Each structure stands twice: as structure tokens, then as C-alpha cells.
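Note that the structure is predicted; figures quoted are calculated from it, not measured. Just so you know, ligand 1 is whichever comes first in the structure, and atom 1 is the first atom listed for that ligand.
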Amino acid sequence: MKRQLANYKELAALARETAQLLRSLRARGVEVLPGELREEPPPRKTTAEVRLEEPPTDLGREGLLEHYRKQALECRRCPLASGRRNVVFGDGSSRARVMFIGEGPGSQEDERGLPFVGRAGQLLSRMLAAAGIDRKEVYITNIVKCRPPLNRDPSVEENAACRPFLNRQLELIAPQIVVCLGRVSATSLLPEAVNLGAVRGTVHKLGSAELLVMYHPAYLLRTPSRKNVAWQDIQLLVHRMVAQGILPRPPEPWWTLA
Ligand code: URA
């Protein structure tokens, strides 16, 4: 009996250690586990079965964005609809040359119907301002437009159900640079599931746009030691914006830091 109890205790301790290890690996952006623990990523769902209502006439860029926003407000395609207070469609300039894509609204965003307005959003605003990027000049949205409960990752089905809205935003705004904020966003837009540390710092492609990946600002709030790496990512963004003629070249020595 005593031996059995010891076994239960050992098992519980092992379970706690494993959970802790998984959490710390995830926090460092490691998603693929070694050996027998490795899980195959879920199959990617196509979005072909989820159709949006198309407008009868061409409404122009602003009109079309508004047309799809109104549809998103009514959307009940996935279970996230039942828990939302507001749909968070997107915010910013419809003429933006840079589009930031996060993962899904948090509590504050759900309450206000706007993306990145909570603590993570405030950090994002400060990072943009420090780099000389006007938040009003970019467009900000998320992979899913309704808040996942307890801020969990959106499921493959929720992601697929919402994807047509993101696709229309990308088509209509046609940004020159797309910035994925965090692993969920990067995994949705790059062909493979990603280890964030491995895909940040390089320029990828999304159609004719450049795609960059940065740490999610919520992760930076939890892990301030990564802020220096995040700053390098912001510098890469500024370099690409200058290269694409979106921003003028900033003065030395800022420029030479990258
Ligand atoms: N985190 C996100 O991914 N998106 C938001 O809009 C807010 C927090």
C-alpha cells in the first residue's frame, strides 16, 4: 500500500514536471516535441466550404471592407460567436501598406470591439511609436475575430471559419508587408507549423507581399528579456519599409543599429 502511494506521488510529481517542461518549451516558441511525445500537427483545413456573401456591385475598397465587417458582426460560423461581446474585425487605414495580424481578441478587445487595445496592444503602440511608425497608418487585425475563451489558441476549425474574412482584408488592403504577431498567426499564414524563434528575423513571402514574424507583445510582457530581440525585429520591419518606399530612411545612428 505504502509503495503504491509512493508510486502515485512519483507519478503526480512526474506529471507536474512534464507540464512545467511543456509550458517552458512553449514559452520559448518550441512546438515540436522530441521522441514519442511528438504529436502530428492537425491537418490544415481548407476554407473552401465557408463562403462569404459577395456584394451585388463593386463598392470600392472602403465599401467592401465595410460590407465584410457587417457580415462578420452577424457571423455565427463557429462556437466563438456564442461567447463574444463584440466582433473585432480590424482597425486602421484601408490604404495601409503594412498589416499586423495577431491571433485573436483578448478581454479588452472583446469589450471595445477593437484589436490590440489592452496591455499587449499598448506595448505594440509604444514599439511602433519608438520606431517612427504611426499606428493610424497601419492596419491591425487578428486571425480570428471573436475572443477565444480564456485566451486559448483558436482551434483549426475556428481559424478556418474566420479565414475568409482575413483573406478579404488581405485582398482589399493588399499590404506590401504583413507582420505576424506570434506563433498562432505565423503558423496560419506560413505553409508549415512554426517555431517562432526559427522564422523571425527573415523575410518570407505571402503572395506578392513580404511577410515578417515577430514575438507577440503579450509574450514580451511575460518575457521582458526578449524585448531586445523584438527590437531587432522592429528594426528589420523599418528596413523593409524603407526598402519598399513606405518610410523615409531614419537618421543615423538608429539606422546602423540593425
Ligand atoms: N492579442 C491578440 O492576438 N490580438 C489582440 O487583438 C489582442 C491581444
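- Checked by atom type and distance alone, the side chain of R163 pairs as donor or acceptor with a backbone atom of S188 at under 3.5 Å.
- Under 3.5 Å, the side chains of T223 and K227 contain no donor-acceptor pair of N or O atoms.
- A cation-pi arrangement is found for R168 relative to Y68, the charged atom lying closer than 6.0 Å to the ring centre and inside a 45° cone about the ring normal.
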Measure from every N or O atom of ligand 1 to the protein's N or O atoms and keep only the pairs below 3.5 Å, writing each with atom names and distance to 0.1 Å.
unit_1   : atom_1 : unit_2 : atom_2 : d
ligand 1 : 1 (N)  : H216   : NE2    : 3.2
ligand 1 : 3 (O)  : E103   : N      : 2.8
ligand 1 : 3 (O)  : G104   : N      : 3.3
ligand 1 : 3 (O)  : G104   : O      : 3.3
ligand 1 : 3 (O)  : N142   : OD1    : 3.4
ligand 1 : 3 (O)  : H216   : NE2    : 2.8
ligand 1 : 4 (N)  : G104   : O      : 3.0
ligand 1 : 4 (N)  : N142   : OD1    : 2.8
ligand 1 : 4 (N)  : N142   : ND2    : 3.4
ligand 1 : 6 (O)  : F116   : N      : 3.0
ligand 1 : 6 (O)  : N142   : ND2    : 2.9

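- Hydrophobic clustering, with ILVMFWY side chains joined whenever heavy atoms are under 4.5 angstrom apart, keeps L73 apart from F165.
- Looking only at side-chain heavy atoms (C-beta outward), H204 and L190 come within less than 4.5 Å of each other.
- Under the 4.5 Å side-chain criterion, counting only non-hydrogen atoms from C-beta, M214 is in contact with V179.
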